[in-house]
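Structure first, commentary second.
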Amino acid sequence: MHKDLERVLLSKEQIEQRVKELGEAITRDYAGEEIVMVGILKGAVVFFADLARQIDLPLRMDFMAISSYGN
């Protein structure tokens, strides 16, 4: 664990399992369709890629860049 972390809330294995479950649910819920996944750069890229790999459907990916710094 990194020295600046107090504790780990979820293990790597727990996160991987949940992403797999989400991918299976999306595959089931959108069976027979092509889906478009839109990810927000930069913070969600790793999760987005992991989730996309778990979806067994034709899909397209796109990305948006946003800012939370006001004007």
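For the numbers below, each heavy atom of this structure counts, side chains included, while hydrogens, waters and symmetry mates do not. Start at 1 with the first residue, then count along the sequence.
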Could you measure the distance from the CG atom of Leu59 to the CE atom of Met61? Nearest 0.5 Å is fine. 5.5 Å

Report, one line per pair, each donor and acceptor closer than 3.5 Å where one atom sits in a side chain of residues 16-26; sequence neighbours left out.
from, atom 1, to, atom 2, distance (Å)
Gln17, NE2, Glu21, OE2, 3.2
Arg18, NH1, Glu21, OE1, 3.2
Lys20, NZ, Glu24, OE2, 3.4

What residues form a side chain to side chain donor-acceptor pair (under 3.5 Å) with Gln14, not counting sequence neighbours? Ser11

If you look only at distance, which donor and acceptor atoms sit under 3.5 Å apart when one is on a side chain in residues 32-58 and the other is two or more places apart or in another chain?
from, atom 1, to, atom 2, distance (Å)
Glu34, OE2, Arg60, NE, 3.4
Asp50, OD1, Arg53, NH2, 2.5

Counting heavy atoms not belonging to Phe63, are there more than 12 under 6.0 Å from its CZ? yes

